[in-house]
Amino acid sequence: MSISTSVLSDLLQVLPYLRPQIYFKASLTALSHAMEDQVLAATMEQPLVIASFQRERFYRQEAHRYQRLAQISNQIYVLSAPETDFSSSSEHYEKVAFEPKDALSQEWHLVVIAFNYATCLVCREYPTSIFRREISPELIPSLDMDTARRFEGIWTAERGVSLKAADLLLDKILIYRPELADKVEQARQRFGIGDNYSEQIVDDKSEYACDIDTNPFVQRLVTYLQASQYKLHKAYRSIAAQARKERLVNSISTAIRRSLNPREVLEVAVQELGQNLAASRCLIYRAQAADKNAIIEHEFISPSVLSLLGQTRELQKNPIFQEVLQMGEGVCVSDTFEDSRVADSPEVADFVKSFSIRSWLMEPVWFQGRMLGIIELQYCNDKPHEWQAEELDLVTAIATSVGAALIQAEAYANLEDFNQQLEALERTRSNLIAITGHELRTPLSTIQVCLESLATEPDMPLELREIMLSTALSDSERMRKLIQDFLTLSNLESGRIEWHPETLTLQECVDLAVSRINARTKIEELPKVSAEISENLPLIRADGDWLVEVLAKLMDNACKFTPPQGEITIIATRNGNQMVEVTVADTGRGIEPNRLEIVFDRFYQEEGALRRTTGGTGLGLAICRQIVIGWGGKIWAESSGKDKGSKFHFTVPSVEGSQEERLSVAVGK
């Protein structure tokens, strides 16, 4: 017998008259305990007991019982696939560790052979995947999956079957523990196991017989089975109800699962449902609880029935829809001619009459407590349609499937966006670590070296002390700006900024921003900065401080990537009747076309965080975007590519009047 051989299959092949049954785990536990209790009670003889537990974790739950059984008989064999410390040994009883790929790992066996009785339990477990496939997914969480484990096999007290099962299991034992051959042979001869000993079975073993009161075992077995069957009854009842629905909606569900496009999902559902129930008209449309109207987007109609496709439906004045919301479930009208809800609503009565609706069903599409839409079935026959429970169950099941399919389809449609967001987050995280590590550690190290030198070198020349102090102050200012940028962006993104819009001239803000840059030319060589602001440009409406901040950061960004011999130009033009467009152009390094949008991301560094030739946190452009969005403007970048310069544009709301007029008023004063 090889390790791939199933004991159950071999037993059924040898004894083809046997008919396997389906057992649940709880029932098998009850049967096993009853068989073991019978051995414990019959202390007058030493029976053969062979137990196979599939895996070690199942054996551990029963190990204490087999230690008790070992006190009664020296012919106790326990088989299991090792998981931790289970191994072949002869302590207390014979342990047999088989390989996990052995067919025994899928089976559960217990065989007891005595002189005055014999019982056997030989089962094979159904794969979990089969169980899950047969049961609706939403039902599985409500079941005890351990109790619901299913087995196919034989449980019998027929001695011939028990002897053959023992024979097959003893062959398995010898594969893994050939050193037990003598002990196994003793068991075979003693109980007449195997073809060589089939005629040696002793019918009268009265000298070994003992009186066993089987009533306690029967009572225990009944108790176990009653408790088990109660759970199984509830599970089977739920499974049966779900199976009825699944058979009805199988064709529709299959079609729905083929597509992740929401429109295709709804179109398939409306056509299949309408045809399946032979409705005159089937409608599916999106609708939420607070909607006043809905547009019919998907429709099935039978021949000679008027179409409602594309029409707008009134919902708030529809008493049927309001009842659906109140009850949270479908509402059906058997006969619209006799229904008071229809008669009491002129709008609904007119709608029913115009489209010849005799019977009507409205079923909500819910998902996790949120209404997504409505399914309607309408019958326009001369006689009312008698709604059947199976039809209502079918529509409810389809509504559930459509709700889940819609959410799944929408989620899949947004998957690419989510992936891009995740990539952006990962990029932000990596850049944050690299930038903060560089931008904080470098100035901190410099400050520490300067301060330590000042503290430990009291005789340091005055000129060198001034250099040390200047360097420490410069790097501390660098750290302050970094932290300030973090706080500024955080406040802008969280909406904690208070805006103070005012009417002002763009020229004033540009002059202030340029003065900031010019102040830096005293300590570093920067490109030439010029402004081209038309005098008749309209006045703007914005928070002046934040507008100067945007201009300064855009110019600062341009300075980083433009050589000293380059040029930075600020240009302002009209952009429609209500906006002024400001452009900060440079002749520097430029930006690749595929990076024009991501340059505004937090911590983005054009060269990469770890190989930058310029300083900065990568927060400046992100701050600019938040500020511009805050006053209702837009910001974007343009570039022809590497080393061809770049242009950053943003818009500011304008007001009536021009800068020239404001300047003339100021001069007059």
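- In this structure, the separation between CG on L163 and CD1 on I193 is 6.0 Å, given to the nearest 0.5 Å.
- Judged as a ring pair (Phe, Tyr, Trp, His ring centres under 6.0 Å), and not counting sequence neighbours, F98 has no contacts.
- The side chain to side chain contact (heavy atoms under 4.5 Å, CB included) test with I398 is passed by exactly one of T396, T400, V395, L394: L394.
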Evaluate side chain to side chain contact (heavy atoms under 4.5 Å, CB included) for L325 paired with M371, printing each intermediate quantity in order. CA-CA 9 Å; L325 289 181; M371 177 182 282; 3.3 Å; yes
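- Within a 6.0 Å sphere centred on CD of Q326, heavy atoms belonging to other residues, nucleotides or ligands number 12 at most.
- Between F191 and F115, the ring planes lie tilted relative to each other; the angle falls in the 30° to 60° range.
- A side-chain donor-acceptor contact under 3.5 Å links Q75 to the backbone of K183.
- Closest of all the heavy-atom pairs between A97 and Y176 is O-CD2, 3.7 Å.
- Considering CD of Q13 and CG of L8, their distance stands at 11.5 Å, rounded to 0.5 Å.
- Considering only heavy atoms from C-beta on, L40 comes within 4.5 Å of L69 through its side chain.
- Atom OG1 of T119 is separated from atom CG of L31 by 9.5 Å, given to the nearest 0.5 angstrom.
- Contact between A399 and V365 at its shortest, heavy atoms only, is O-CG1, 3.6 Å.
- At least one donor-acceptor pair closer than 3.5 Å links the side chain of S73 to the backbone N or O of P47.
- Listed by chain and residue number, nothing satisfies the salt bridge (charged side-chain N to carboxylate O under 4.0 Å, His left out) test with E267 (two or more places apart in sequence, or in another chain).
- When the side-chain contact (heavy atoms from CB on, under 4.5 Å) test is applied to Q388, the partners found at least two apart in sequence or on another chain are E386, E390, E391.
- Checking side-chain atoms of R177 against main-chain N and O of S89 turns up a donor-acceptor pair under 3.5 Å.
- Looking at D10 and K164, no side-chain N of the basic residue comes within less than 4.0 Å of a carboxylate O on the acidic one, giving no salt bridge.
- For Y77, there are no ring pair (Phe, Tyr, Trp, His ring centres under 6.0 Å) partners two or more places apart in sequence or in a different chain.
- With E152 contributing its side chain and P20 its backbone, the two residues share no donor-acceptor pair below 3.5 Å.
- Of all heavy-atom pairs between V39 and I72, the closest is O-CD1, 3.7 Å.
- Distance OG/S32 to CZ/R65: 9.0 Å, rounded to 0.5 Å.
- Side-chain contact between F300 and Q275 is present, with heavy atoms from C-beta onward closer than 4.5 Å.
- Looking at every heavy atom in both residues, A166 comes nearest to L48 through CB-CD2, 4.3 Å.
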Could you give me the CA-CA distance, side-chain angles and deciding distance for W108 and F151, then say whether ring pair (Phe, Tyr, Trp, His ring centres under 6.0 Å) is met? CA-CA 8 Å; W108 180 340; F151 294 78; 5.5 Å; yes
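- One side chain, R124 or S9, offers a donor N or O that lies under 3.5 Å from an acceptor on the other.
- The ring pair (Phe, Tyr, Trp, His ring centres under 6.0 Å) test applied to Y66 returns F53, not counting sequence neighbours.
- Looking at Q271 and H298, their side chains never bring a donor and an acceptor atom within 3.5 Å of each other.
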Hey, mind stepping through E376 and Y285 against side chain to side chain contact (heavy atoms under 4.5 Å, CB included) and telling me if it holds? CA-CA 9 Å; E376 286 193 32; Y285 50 89; 2.5 Å; yes
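- Atom OG of S80 sits about 12.0 Å away from atom CD of E62, to the nearest 0.5 Å.
- The salt bridge (charged side-chain N to carboxylate O under 4.0 Å, His left out) analysis of residues 66-88, with sequence neighbours excluded, yields the pairs R57-E83.
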For I50 and K172, what are the C-alpha separation, side-chain angles and deciding distance, and is it a side chain to side chain contact (heavy atoms under 4.5 Å, CB included)? CA-CA 11 Å; I50 307 174; K172 280 277 190 179; over 6 Å; no
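- For the 3.5 Å distance criterion, the side chains of Q67 and Q71 fail to qualify, holding no donor opposite an acceptor.
- Contact annotation: the side chain of L12 approaches that of I154 to within less than 4.5 Å [non-hydrogen atoms, C-beta and beyond].
- Closest approach of A70 and I76 over heavy atoms only: CA-CG1, 4.1 Å.
- In this structure, I175 and P178 approach most closely via the heavy-atom pair O-CD, 4.2 Å.
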Criterion side chain to side chain contact (heavy atoms under 4.5 Å, CB included) on R188 and V184, from CA distance to verdict: CA-CA 6 Å; R188 290 183 185 276; V184 167; 3.7 Å; yes
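- To the nearest 0.5 angstrom, K25 atom NZ is 4.0 Å from T29 atom OG1.
- A donor atom on one side chain and an acceptor atom on the other are not found under 3.5 Å apart for E107 and S52.
- Evaluated for a side chain to side chain contact (heavy atoms under 4.5 Å, CB included) with C120, the options L110, T156, V112, I113 yield exactly one hit, T156.
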